[in-house]
Amino acid sequence: MTGDRSVAQQSLAAAHGIEMPDADALTGPQLEGWDRALCGRRLIADQLLGTVAWTCGSRTREVELWVCRPFCGEGSDSA
């Protein structure tokens, strides 16, 4: 992942004052980009929220988190 892309990804979370979720608290579909990182519903139209470091066993990797577009916020019923 390039530095420019990482900064761009973190901008959405920062712009909305959102603390990135704990990777260990996310479900598999959220970590894989199938479900929204904040509300957990299935993604249809999406945008990058940012990245988190996720450790499984001895391996740590950067995982991209996705949210709905337009941005609905955590637990919102819109979108």
Side-chain angles (χ1 to χ4, degrees):
M1 195 173 297
T2 67
D4 291 342
R5 187 170 179 199
S6 181
V7 169
Q9 291 172 349
Q10 293 173 5
S11 297
L12 180 65
H16 289 279
I18 297 169
E19 184 176 331
M20 294 299 291
D22 177 5
D24 292 332
L26 298 173
T27 65
Q30 287 172 306
L31 289 168
E32 293 298 324
W34 292 102
D35 291 349
R36 301 171 191 175
L38 299 179
C39 65
R41 290 191 307 266
R42 181 67 65 189
L43 279 169
I44 297 172
D46 57 22
Q47 59 188 335
L48 283 171
L49 176 65
T51 60
V52 294
W54 177 62
T55 303
C56 183
S58 61
R59 181 176 176 222
T60 299
R61 66 179 179 133
E62 288 290 312
V63 177
E64 295 175 336
L65 299 182
W66 299 84
V67 292
C68 51
R69 177 180 291 155
F71 183 74
C72 73
E74 185 174 9
S76 173
D77 287 329
S78 63

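No experiment lies behind these values; they were computed from the predicted model shown.
Between the CH2 atom of Trp66 and the CG atom of Leu48 there is a distance of 3.5 Å, given to the nearest 0.5 Å. Atom CZ of Arg36 is separated from atom CD of Gln47 by 10.5 Å, given to the nearest 0.5 angstrom. Note that CG of Leu65 and CD of Gln30 are 8.0 Å apart. Values are rounded to the nearest 0.5 Å. The distance from the CD atom of Glu32 to the CG atom of Leu43 is 12.5 Å, given to the nearest 0.5 Å.
Take Ala53 and apply the side chain to side chain contact (heavy atoms under 4.5 Å, CB included) test, not counting sequence neighbours, and it matches Thr60, Glu62. Applying the salt bridge (Lys or Arg N to Asp or Glu O under 4.0 Å) rule to Arg42 yields the partners Asp35; only residues at least two apart in sequence or on another chain are considered. Among residues two or more places apart in sequence or in another chain, the side chain to side chain contact (heavy atoms under 4.5 Å, CB included) test is passed with Trp54 by Ala23, Asp24, Leu31, Cys56, Arg61, Val63.
Within the 4.5 Å cutoff, side-chain heavy atoms of Leu38 are placed close to those of Pro21.
Legend: salt bridge (Lys or Arg N to Asp or Glu O under 4.0 Å) pairs involving residues 45-55, not counting sequence neighbours: none detected.
A distance-only check finds no donor-acceptor pair linking the side chain of Glu64 to the backbone of Thr51 [under 3.5 Å].
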